[in-house]
Structure formats: C-alpha cells, structure tokens
Chemist: 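The structure under discussion is supplied below as structure tokens; questions concerning it will follow.
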Amino acid sequence: MEALHIAPGRNLAVKLVQNSGVDCFSGVRQVGFASLLSGKRKDRSFCVRARSYKEEGEIASRGSGNAQDKETEQGIFLGAERDGTGSVVGFHLLPHSAISDERVLETQEVEADKLFEEIKSSDTTSPTTTYNVVFVTSEAAPYSKTGGLGDVCGSLPIALAARGHRVMVVSPRYLVGGLSDKKFVNAVDVERPTKIHCFGGVQEVGFLHEYRAGVDWVFVDHPSYHRPGTPYGDSFGAFGDNQFRFTLLCHAACEAPLVLPLGGYTYGEKCLFIANDWHAGLVPVLLAANYRPHGVYKDARSIIVIHNLAHQGVEPAVTYKNLGLPPGWYKALEWVFPTWARTHALDPGEAVNVLKSAIVTADRIVTVSQGYSWEITTPEGGYGLQELLRSRKSVLTGITNGVDINEWNPSTDPHLPSFYSIDDLSGKVECKAALQAELGLPIQPDVPLIGFIGRLDYQKGVDILLSAAPDLMHDDVQLVMLGSGEKQYEDWMRQLESTYKDKYRGWVGFNVPISHRITAGCDILLMPSRFEPCGLNQLYAMRYGTVPVVHCTGGLRDTVQTFDPYAQEGTGEGTGWAFSPLTKDSLLTTLRIAVSTFREHKTSWEGLMKRGMEKNMSWDNAAVQYEQVFDWAFIDPPYAG
Ligand SMILES: Nc1ncnc2c1ncn2[C@@H]1O[C@H](COP(=O)(O)OP(=O)(O)O[C@H]2O[C@H](CO)[C@@H](O)[C@H](O)[C@H]2O)[C@@H](O)[C@H]1O
C-alpha cells in the first residue's frame with residue numbers, strides 16, 4: 001500500500017485508511033482550482049489553496065527585535081521592533097489570542113446579543129413563514145474564523161433568529177491547545193454521542209451546545225478537531241485528513257436535528273439545511289442518498305451557499321468509498337480533470353468533487369453577491385463548474401453579504417483609540433495619527449495612508465499590489481498591509497518594509513484588533529482581488545469612512561460605485577473607485593486619482609466618505625432575501641436523485 005504523504009503528527013488519516021483496508025492514494029490534500037487556472041500546473045495532490053494556514057496572531061519574526069510591549073487603554077499590546085542599533089524597524093503586536101481572548105470574546109458576545117435585539121425590534125416586516133434552519137460550516141466567528149466565511153456564519157444565523165426562525169449552527173469544536181480554546185467554555189455536552197460510518201470504520205462524535213443571541217450553536221466534537229493550527233492546516237500546509245474531518249462534520253450535522261433535544265425539543269425532520277462551501281457540501285447528497293430513501297427528511301430542503309468556488313474539495317476517485325454514501329451515488333460526485341490538468345499520460349483524471357455534488361443535489365444555490373452569481377456561470381469564473389451552474393441557473397441566487405453593524409461600528413468599536421461618526425469625523429483623524437504612531441510611521445495627517453487587509457494569495461491580487469508598491473513608494477503616501485498566507489508574499493512584504501522604512505509597514509499575521517485599527521486609521525483601502533465573491537473589507541471600510549479602491553470584479557463591483565464628481569449637479573456621487581483591468585498600471589493610475597482627490601478636493605473626499613458611511617449594510621437586508629430563497633426552496637419537491 002502506498003504511503004500517505006502527510007506530516008508527522010497526522011497519524012489519524014494513515015490509521016483510518018490502513019484500518020479500512022482501502023487503497024491509499026498519494027496525498028489527500030484539498031485540490032484548489034485557482035492554481036490550475038492560474039496556469040501554474042502542479043501535482044494535483046499537493047496543489048493546495050486552502051485558506052490561510054497561519055495561526056491567529058502569528059507574528060513575523062523579523063531579526064533580533066526587542067519589542068517593548070505596552071498595554072493601551074483598549075487592552076492591545078504593542079511595541080516598536082528595533083534592530084541592533086535601536087532603530088525602529090517595524091511594529092510588533094503580541095498575539096491577540098494569547099492575551100485578550102476573554103475580553104474580545106466578552107465584547108463579541110455583547111455585540112451578538114445587541115445585533116439580535118436590534119433586528120428583533122426593527123420595524124422590517126416579519127417573515128410570513130418561519131423555518132427550522134441548520135447552518136453547517138467549517139467556521140463561525142467568534143468561535144473560529146480565518147476569513148469571511150467565519151464572519152458570515154457568525155452573523156447571518158443571528159439575523160435570521162432575530163426574525164423569528166429557529167436557527168442552529170453546526171461547526172467543529174476546534175481545540176488548539178491555547179487560550180483560544182476558551183471560546184468554547186460556555187458550550188455544554190448534550191450527551192448524545194453519535195456513531196458515524198465512514199472511512200471504513202465507525203467514528204463516535206459528541207455534541208456540545210451553547211444558546212447565544214437566539215441561536216443554538218452546536219459544536220461537533222472529535223479528536224481530529226483537536227490539534228494546533230487553523231481549522232484547515234498548520235505551518236506544514238493543509239491537514240492531510242481534511243476530507244475525513246469535514247465528512248464527519250456533514251454526517252454529524254445531518255444527525256443533529258434528529259437527535260439533539262435543544263431547549264427540550266429536537267429540530268425534527270422538517271428543516272432547512274444551509275451548507276456553506278465544500279466543507280459542508282456532502283450534506284445535500286447525504287440527505288438525498290442516505291435519509292430520503294428511508295423516509296427521513298422527506299420534508300427537508302437544502303441550500304448550498306458558495307462563498308468561494310475556487311475551493312471544491314476534490315480528491316482522488318478512490319475516496320468515494322470512504323464518504324459513507326451508497327455505491328449508486330458516485331455520479332453525483334464524479335469529476336474528470338481535463339487532459340491538460342492530468343499528472344501523466346496514463347492518469348485517467350478521475351476524481352470526486354464534493355462541491356459539485358452539492359450543486360447537483362441542493363434544492364437552491366446561493367452565492368454571496370449578484371455579480372459573482374453571474375461570474376461563476378462563465379468559463380473565467382466557473383472553475384470548471386460553469387456548465388453545471390448554467391444548467392441550474394433557475395435555482396441560483398446572488399445575495400450580498402451584510403456587515404455586523406455592532407462589531408463594525410466606529411462610534412463604539414473597542415479596538416479604536418477614538419470613536420467617530422458621520423456627524424463628527426474628528427475621531428477618525430485621531431485614529432489615523434494613532435495608527436501612524438503604532439506603526440512607527442511619521443505622523444502626517446496630510447499624507448494619504450493606504451491599507452490592505454487579507455489573505456496573502458492569488459485570489460487577493462497581492463502580487464499585483466506588491467509589484468506596484470516600489471512605484472507607489474516614489475509618491476508621498478504611506479502603505480500598510482496586514483495579512484498572512486503564502487510565504488513568498490510574506491517575505492516580499494518584509495523586504496519592502498526594510499527598503500521603505502518611512503513609508504511602508506507589512507504585518508504578517510492574523511489579528512482582528514489591528515484589522516479594525518487599519519480600517520479606521522487609513523484614508524484608502526485597497527482591494528486588488530483577482531476575483532471576489534463578495535468581499536467584506538470594502539464594506540467595513542465604507543462604514544468607517546475609508547474610501548475603497550477595488551478591482552472591478554464580483555461583489556466588489558456590486559458594492560463600490562466609482563466616484564463621479566460631475567453627478568448630482570456637481571456634488572458628486574459614488575463611494576470609491578472600481579478599476580479594470582487588473583494590472584499594475586491601472587492600479588497605480590486609479591490610486592493616484594484617489595490620492596489627488598484626497599489632497600486637492602477635500603469636499604469631494606468628505607462626500608465620498610459620508611456616502612460610504614450612510615450605506616445600509618445590515619444583515620437584516622440579506623436575511624430578508626435569504627427568506628425569499630427559503631420560501632422558493634419549499635415550493636418545489638426536494639431533490640430525490
Ligand atoms: N490578517 C488578518 N488579520 C485579521 N483579519 C483578517 C486578516 N485577513 C483577513 N481578515 C478578515 O477576514 C475577513 C475576510 O473576509 P473577505 O470576505 O474579504 O474574504 P475571504 O476570502 O476570507 O472570504 C470568502 O467568503 C466571504 C464571505 O462570503 C466573501 O465575502 C469573500 O469574497 C470570499 O472570498 C474579514 O473580516 C477580514 O477583516
């Protein structure tokens with residue numbers, strides 16, 4: 001039997017496969033289509049484009065810095081990083097997860113309750129029908145978050161619950177052996193251990209439960225969720241047994257409404273599953289293949305929400321027998337790689353594709369913006385699934401994500417040194433000065449401060465930004481980047497910082513407080529994403545009066561309107577700039593237009609800021625649109641195969 005290529009400490013997958021007597025395959029990592037389409041042909045097994053692999057709060061080690069840390073009023077630890085001669089060469093934030101988890105969690109809990117109460121008491125018409133809704137997700141903030149999926153699955157359920165639906169969120173209980181494990185401290189064991197048949201054996205999972213902000217948060221417990229790293233991997237890369245871990249999650253989520261007496265009652269069979277991204281993609285097919293033929297979940301429906309089509313959960317075809325599905329359902333997952341993407345001449349290119357199975361078997365499909373719902377039906381944005389998606393266009397809807405308006409509120413944000421609002425922007429000036437001071441940049445109110453926050457990968461167009469940076473550094477601007485991801489980009493950021501000490505700061509790591517302070521303290525937020533299903537940072541930026549400059553794609557195109565100074569009888573309209581094509585030159589040209597508007601047209605700039613801040617981005621809007629999709633899902637009979 002061929003050995004699995006996995007890092008030390010990942011014995012579980014090996015054992016499982018060995019025990020099952022199933023053929024092994026070389027590498028069980030998630031296959032990402034982004035890299036295939038980017039023209040970088042790699043060994044499929046190791047062509048990984050999962051989310052950031054960095055630990056929350058990871059800090060770039062940058063030489064022999066001796067950080068002097070101090071706690072600010074907001075409880076944020078920060079210090080200048082100095083070289084051997086004592087010169088400031090960077091800034092250094094202690095891991096947020098190591099020092100302020102409890103405080104942040106408390107704040108988030110209060111905010112979640114506020115969101116629930118606010119939506120409940122808002123005068124938006126209540127839904128005519130309420131549903132039992134079961135979210136299935138690999139991450140849900142504040143319990144787990146590596147990106148926008150966590151934000152959405154931490155907020156949308158609360159908004160739906162506030163509108164009268166009974167809502168459960170099923171996600172793994174990740175224990176990493178650090179302080180962040182405390183996030184699960186209020187979750188109580190429901191004492192309903194459940195056996196799951198998959199990967200050639202029987203696995204027992206437990207369920208923990210916390211009722212918070214009107215939502216039943218259910219955490220699936222299994223040893224494979226207990227290890228250091230992010231939900232998807234660690235410094236060695238993606239975990240080798242991710243397919244196993246998320247197969248377990250899907251099976252457990254299908255059992256949860258039947259077996260968990262939450263608040264005394266189970267959710268029962270008539271419920272609506274909302275499966276998010278490929279990690280939850282087996283849910284619709286499990287309902288159709290394992291339950292409905294036995295008369296269970298006849299009245300249930302499922303929706304697959306696509307947050308990012310580039311990640312599809314593709315594995316060698318041999319994996320099929322591990323998924324706990326009857327043999328007759330292979331076709332739903334069948335996936336054949338195009339000839340050019342095969343590893344050698346005899347490779348038949350046969351694989352299983354979990355997201356594809358969800359697109360085939362779910363009752364409705366939602367993507368996170370209207371623009372993206374069209375893009376995924378084109379060869380450029382469809383990542384090989386465009387024809388299938390076109391064939392299901394009648395059940396495909398785009399709904400733009402909302403913003404948790406309590407967590408992202410510049411007049412109450414506990415991470416900020418000063419508060420501000422649309423009526424009094426003076427606090428924003430203070431936030432900028434404080435950010436410049438924290439970063440060790442010259443405190444210059446008139447110099448535009450440009451920010452970038454996000455995963456350092458192909459999707460986010462970091463390479464374009466980094467290649468434009470040296471040109472940009474000739475201008476009188478400052479640039480700060482916060483992100484983690486591919487090492488080449490992290491190194492590139494460090495290099496830029498050492499070259500342009502007075503103008504550039506690159507923060508390698510995942511840090512929520514600093515992301516809030518960059519959003520508030522910058523004048524411009526740059527998002528040169530190659531594709532962007534929705535994008536949340538541009539929404540946060542507009543709420544904070546920070547003007548977005550974005551590549552005109554997907555959700556960015558839908559949410560950022562390019563400034564037109566002549567509209568509205570000369571008072572202007574628009575909330576930022578959406579540029580195209582995505583090249584270094586067009587990025588620089590647009591950025592320079594934005595910078596000259598900032599410098600020379602103060603009134604226009606204030607108009608841009610205020611129009612962004614006025615936008616209604618609440619989750620309540622999105623929740624109402626989701627309800628419409630729920631109604632539609634229940635009009636048609638469920639998928640039966
Ligand atoms: N280094 C860092 N430190 C702290 N915070 C960081 C960070 N890097 C990123 N974040 C945070 O993570 C979130 C990222 O959200 P995005 O929507 O921009 O992208 P993502 O690609 O993860 O999500 C996918 O799903 C979401 C949700 O549907 C879609 O909006 C999006 O287009 C799609 O790619 C934001 O809250 C951001 O502030």
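As a basis for the values below, the full set of heavy atoms in this structure was taken, side chains included, without hydrogen atoms, waters or symmetry mates. First listed ligand is number 1; within each ligand, the first listed atom is number 1.
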Chemist: Is Q538 in contact with ligand 1, taking contact as a heavy-atom separation below 4.0 Å?
Modeler: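 Under 4.0 Å: no for Q538.
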Chemist: Within the 4.0 Å heavy-atom shell around Q459, which atoms of ligand 1 are there?
Modeler: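 Per the distance check, 21 (O), 34 (O).
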Chemist: Which distance, rounded to the nearest 0.5 Å, do you find between the CG of N537 and the OG of S515?
Modeler: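 Reported value, rounded in 0.5 Å steps: 7.5 Å.
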Chemist: Treating S586 as the side-chain partner and P581 as the backbone partner, does any N or O pair qualify as donor plus acceptor under 3.5 Å?
Modeler: yes
Chemist: Is the Y540-H516 ring centre distance short of 6.0 angstrom?
Modeler: no
Chemist: Keeping Q370 on the side-chain end and I399 on the backbone end, is there a donor-acceptor pair under 3.5 Å?
Modeler: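 Between the backbone of I399 and the side chain of Q370 there is no qualifying donor-acceptor contact (under 3.5 Å).
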Chemist: What part of C534, side chain from CB on, backbone N/CA/C/O, both or neither, has a heavy atom under 4.0 Å from ligand 1?
Modeler: both
Chemist: Find out whether the Lys NZ or Arg CZ of R212 is both under 6.0 angstrom from the six-membered ring centre of W217 and within 45° of the ring's axis.
Modeler: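 Checked: cation-pi criterion met.
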Chemist: Looking only at distances, please establish whether an N/O atom of ligand 1 is found under 3.5 Å from an N/O atom of G509.
Modeler: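 Checking ligand 1 against G509, an N or O pair does fall under 3.5 Å apart.
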Chemist: Answer yes or no: is there a side-chain heavy-atom contact under 4.5 Å between L249 and Y225?
Modeler: yes
Chemist: Between Y540 and ligand 1, which part of the residue brings a heavy atom under 4.0 Å of the ligand: side chain, backbone, both or neither?
Modeler: side chain
Chemist: Between the candidates L536, L156, I399, which shows the shortest non-hydrogen contact distance to atom 16 (P) of ligand 1?
Modeler: L536
Chemist: Can you list the ligand 1 atoms lying under 4.0 Å from a non-hydrogen atom of G454?
Modeler: 8 (N), 9 (C)
Chemist: Show me which atoms of ligand 1 lie under 4.0 Å from any heavy atom of P533.
Modeler: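 In order of number, 32 (O), 33 (C), 34 (O).
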Chemist: Which is closest to atom 27 (C) of ligand 1 in terms of heavy atoms, V403, V368, N401?
Modeler: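 Comparing heavy atoms across V403, V368, N401, the nearest one to atom 27 (C) of ligand 1 lies in N401.
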Chemist: Would you say G535 has any N or O atom under 3.5 Å from an N or O of ligand 1, going by distance alone?
Modeler: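 Yes, since at least one N or O of G535 sits under 3.5 Å from an N or O of ligand 1.
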Chemist: Does this structure show an ion pair linking D457 with K460, if we count only N-O contacts that are shorter than 4.0 Å?
Modeler: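 Looking at D457 and K460, the cut-off is not met.
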Chemist: Which of the numbered atoms in ligand 1 are below 4.0 angstrom from a heavy atom of G483?
Modeler: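 Selected atoms, number and element: 1 (N).
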Chemist: Check for me whether the distance between the ring centres of F246 and F239 falls short of 6.0 Å.
Modeler: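 When the ring centroids of F246 and F239 are compared, they turn out to be at least 6.0 Å apart.
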Chemist: Using a 4.0 Å cutoff against the non-hydrogen atoms of V152, which atoms of ligand 1 qualify?
Modeler: 27 (C), 28 (O)
Chemist: For ligand 1 and R455, I'd like to know whether there is a polar contact (N/O to N/O, distance under 3.5 Å).
Modeler: yes
Chemist: What atoms of ligand 1 come within less than 4.0 Å of a heavy atom belonging to E532?
Modeler: 31 (C), 32 (O), 33 (C), 34 (O)
Chemist: Ion pair present between R557 and E375, side-chain N to carboxylate O less than 4.0 angstrom?
Modeler: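 E375 and R557: salt-bridged.
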Chemist: Between D151 and ligand 1, does any nitrogen or oxygen pair lie at a separation below 3.5 Å?
Modeler: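 Checking ligand 1 against D151, an N or O pair does fall under 3.5 Å apart.
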Chemist: Not counting sequence neighbours, list each pair that qualifies as a salt bridge (Lys or Arg N to Asp or Glu O under 4.0 Å) and has a residue in residues 520-530.
Modeler: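 Only K432-D523, D463-R530 qualify under salt bridge (Lys or Arg N to Asp or Glu O under 4.0 Å).
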